[in-house]
Every structure is written in C-alpha cells, then in structure tokens.
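As structure tokens, the structure follows; a few thoughts come after it.
Order of the sequence lines sets the chain letters (A, B, ...), proteins ahead of strands, with each chain counted from 1.
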Amino acid sequence: MKIASWNINGIKARIEGLKTWLDQTQPDIACLQEIKSIDENFPADEIEALGYNVAVHGQKSFNGVAILSKHKFDDVIPGLPGDKSDEQARYLEAVVSTKTGAVRVASIYLPNGNPVDSDKYPYKLGWMARLKAHFADVLKYEESFVAAGDYNVIPTEGDVHDPEAWEGDALYRPETHAAFRSIVNLGLTDAFRAVNPRDHCYTFWDYQRGAWQKDNGIRIDHLLLSPQAADRLQTCQIDRFTRGWEKPSDHVPIWIELEV
DNA sequence: ATGACCTGTTTAACAGGA
C-alpha cells in the first residue's frame with residue numbers, strides 16, 4: 001500500500017502536474033497540502049476520474065489540505081482539535097478500510113512560524129503542542145496511523161544544505177527541534193530516516209537563488225508512523241523528478257510503501 | 001555575474017511562503 005505526501009503549492013496552478021504524477025506513480029493514498037482553495041473550487045471531478053475518492057479541508061487563498069484515496073473513506077475528520085478559535089485549515093484526518101484492516105491517515109500543514117519575533121512563532125509552537133496531544137490520543141487506538149505532511153521542521157543538520165544559513169529560523173530553532181522530537185518520542189517513526197541513513201536528501205528547494213540547480217534544499221516533508229504502521233514499512237522514497245517539471249511546486253512528493 | 005521566485009487575490013500591488 002503506497003501512501004504519499006505532497007505540498008502542491010496551489011491546486012489551481014498544479015492540477016495538470018498532479019494528474020500526471022497520480023497517473024505515473026499510482027499512490028493508493030495521497031495527502032496534499034497548501035491547496036490554497038476553498039472546498040467548492042477543488043477540482044474533485046478531475047481527480048475522481050482517475051479512480052480516487054476525495055476529501056478536502058480548504059480555505060480561501062491560503063493553507064488547505066486534502067486526502068485522495070483509492071479506498072473509500074470510512075471516516076473523515078477536518079481540523080486539528082484543541083482550539084476552536086483556530087480558523088486555519090491545516091489538518092485533515094481520514095480512515096480507510098483495506099483487506100488487512102483500517103488505516104488512519106492525516107494530511108498535515110504545520111505552520112511555518114516566521115518571523116520568529118511575531119505572533120506566528122508562538123502559533124507554530126502552540127499548534128505543535130496540539131498536534132502532540134492529538135497524536136497521543138490517536139496512538140491509543142493501536143492501529144496503523146500515518147501522519148503525513150509538510151511539518152515545516154528541518155529535523156537535523158543533516159537535513160539541510162547550509163545549516164548556518166538557517167540558524168534562528170523558525171524551521172530550525174532549538175525550540176522547534178525540541179517540539180518535533182517530543183512528538184516523535186511519543187513512539188512515532190520518521191519513515192524516511194528509518195530506511196535511509198543518507199544525509200542531504202531534500203523535499204523542498206526554494207524558487208529563489210537557483211536553489212534547485214545547486215541542490216540547496218531542506219527536508220521538511222515527513223511521514224511519521226505509529227508502531228503498527230512502522231512494522232509494515234518497506235520503503236520510503238522522494239519523487240525528486242517533479243521539481244524539474246514545468247511549473248513545479250517548490251516541494252516534491254515523499255511516499256512510503258506499507259506491507260499489505 | 002557571483003544572480004534573477006511563485007501563488008492567490010479586491011487584477012495592482014500585496015500578503016504569505018520557507
């Protein structure tokens with residue numbers, strides 16, 4: 001069972017690339033972030049025509065997440081619990097049933113947090129605390145759970161081309177690292193790290209300053225796995241090739257294969 | 001040249017991104 005995550009940076013700008021990628025790589029489930037669209041404008045018909053069920057948690061102009069699944073949804077839960085005043089669409093969870101049981105999947109767009117001296121950084125840390133609390137609840141189900149998305153966290157110095165350039169950035173600050181570690185230390189597995197010890201494998205390259213051409217990237221898109229999902233992990237790979245396409249997203253897909 | 005961004009929206013400059 002193939003489960004992917006991709007920050008597409010705008011569904012309207014990326015629909016053709018998304019359809020090409022779905023057709024070529026055939027994920028069973030694809031978690032999308034930054035769709036930048038309200039639910040009504042999401043091109044569900046075009047994606048359903050490729051054999052997917054579509055769940056959307058959108059927002060006008062910014063943020064927005066979606067889950068595409070070849071399996072039908074048993075449950076769809078929009079929004080991260082813990083703060084009813086939070087209107088940013090950054091979390092969508094769904095349960096699908098397969099021959100080997102239920103799989104719970106989350107599509108996550110964790111706040112960027114820059115600039116760190118604004119209210120955006122405390123919002124990021126607060127959001128991470130809510131995410132941790134929710135993961136702790138979900139882990140009690142003891143089911144295969146895949147928390148996939150753009151975490152806006154560079155986990156270690158091996159996940160960035162130029163660590164010094166990121167000192168003090170919201171993606172790389174000690175407080176960010178501590179919050180991310182405490183989430184992983186609930187008992188989750190960073191799928192890419194579990195199967196690939198190599199450093200300098202990236203999922204994002206800035207549009208500016210020739211970052212892609214110089215391989216000046218960062219690894220910020222992650223799939224965190226419950227123990228039950230980690231037991232089934234067979235591979236985790238990054239679809240770098242989409243970054244070289246016409247009109248690319250600045251992120252590329254990352255995906256896992258779970259043993260059926 | 002040692003470098004040059006992209007997306008969405010109140011369609012013209014901005015806000016937001018990472």
Side-chain angles (χ1 to χ4, degrees), chain A residues 5-19 21 31-43 56-66 86-91 107-128 131 148-177 179-180 192 200-222 238 240 242-254:
Chain A
S5 178
W6 191 9
N7 179 323
I8 56 173
N9 189 18
I11 184 61
K12 196 192 299 180
R14 217 68 62 211
I15 181 62
E16 292 309 318
L18 174 64
K19 287 195 294 184
W21 173 74
C31 299
L32 307 179
Q33 301 87 35
E34 273 204 280
I35 62 171
K36 296 184 175 179
S37 165
I38 58 173
D39 295 7
E40 293 74 18
N41 291 346
F42 192 83
V56 183
H57 180 43
Q59 177 183 339
K60 187 179 174 67
S61 305
F62 305 117
N63 309 318
V65 286
D86 185 359
E87 295 179 347
Q88 300 191 30
R90 297 177 173 274
Y91 188 91
S107 183
I108 293 161
Y109 179 44
L110 203 146
N112 174 302
N114 283 308
V116 294
D117 60 357
S118 72
D119 57 4
K120 293 185 178 183
Y121 193 56
Y123 174 70
K124 176 178 192 157
L125 294 179
W127 206 93
M128 292 179 84
L131 189 68
D150 174 2
Y151 280 76
N152 271 314
V153 174
I154 304 166
T156 73
E157 64 180 4
D159 298 309
V160 52
H161 173 266
D162 182 6
E164 289 177 7
W166 290 87
E167 288 293 332
D169 190 279
L171 280 65
Y172 198 65
R173 286 179 68 85
E175 299 94 322
T176 306
H177 285 149
F180 185 71
F192 188 78
H200 310 300
C201 297
Y202 307 130
T203 63
F204 170 92
W205 297 261
D206 201 294
Y207 288 122
Q208 301 183 68
R209 293 177 290 277
W212 167 241
Q213 288 75 12
K214 292 187 282 194
D215 197 26
N216 185 357
I218 50 179
R219 186 174 74 94
I220 55 173
D221 298 271
H222 310 297
I238 297 169
R240 278 178 60 103
T242 65
R243 191 62 177 79
W245 284 357
E246 291 290 319
K247 283 194 71 176
S249 171
D250 40 9
H251 297 250
V252 298
I254 177 169

Rounded interatomic separation in angstrom, taking CG from N114(A) and C1' from dA15(B): 15 Å

Pairwise P distance for dC6(B) and dA18(B), with rounding to whole Å: 16 Å

Rounded distance (Å) that lies between atom P of dG17(B) and atom CG of D221(A): 15 Å

Residue-phosphate contact under 4.0 Å: H251(A) side-chain N/O, dG17(B) OP1/OP2: no

Length of the line joining Q88(A):CD and dA15(B):C1', which is rounded to integer Å: 13 Å

Length of the line joining F204(A):CZ and dC6(B):P, which is rounded to integer Å: 12 Å

Interatomic distance where OH belongs to Y123(A) and P belongs to dG17(B) [whole Å]: 10 Å

Contact under 4.0 Å: K36(A) side-chain N or O vs dC6(B) OP1/OP2: no

Closest to the K12(A) side chain, choosing from dG8(B), dG17(B), dA18(B): dG8(B)

Rounded distance in Å - CZ (R90(A)) to P (dG16(B)): 11 Å

Residue whose nearest DNA chain B nucleotide is more 5′ - I218(A) or N9(A): N9(A)

Touch class at under 4.0 angstrom, heavy-atom based, for Y109(A) against every strand present: sugar-phosphate

P atoms of dG3(B) and dG8(B), separation to the nearest Å: 28 Å

Rounded distance in Å - CG (D250(A)) to P (dG8(B)): 12 Å

Base dA18(B) to side chain N152(A), donor-acceptor N/O within 3.5 Å cut-off: no

Residue E164(A) excluded, over 12 heavy atoms near CD under 6.0 Å: no

5' priority, DNA chain B, between G210(A) and P248(A) [closest heavy atom]: G210(A)

Interatomic distance where CD1 belongs to I154(A) and C1' belongs to dG17(B) [whole Å]: 14 Å

Positive for side chain to side chain donor-acceptor pair (under 3.5 Å) with H251(A), one of N9(A), T203(A), T242(A), D221(A): D221(A)

Sugar-phosphate, base or nothing in reach of N112(A), heavy atoms under 4.0 Å: base

Sugar-phosphate only, base, or nothing, as touched by D150(A) at under 4.0 Å among non-hydrogen atoms: sugar-phosphate

Those residues that, when tested against E16(A), pass side-chain contact (heavy atoms from CB on, under 4.5 Å) (two or more places apart): K19(A), E46(A)

R209(A) side chain near dT2(B) phosphate (N/O to OP1/OP2, under 4.0 Å): no

Face-on cation placement of R173(A) at Y121(A) ring, 6.0 Å and 45° thresholds: yes

Flag side-chain contact, heavy atom, 4.5 Å: Y109(A) against N152(A): yes

S61(A) side-chain proximity, nearest of dG17(B), dT9(B), dG16(B): dT9(B)

Sugar-phosphate, base or nothing in reach of N7(A), heavy atoms under 4.0 Å: sugar-phosphate

Aromatic contact, W21(A) with W245(A) (centres under 6.0 Å): no

Whole-Å C1' distance, dT7(B) and dT11(B): 14 Å

Rounded distance in Å between the P positions of dT10(B) and dC5(B): 25 Å

Any K60(A) side-chain N or O less than 4.0 Å from OP1/OP2 of dT10(B): yes

Sugar-phosphate, base or nothing in reach of K214(A), heavy atoms under 4.0 Å: sugar-phosphate

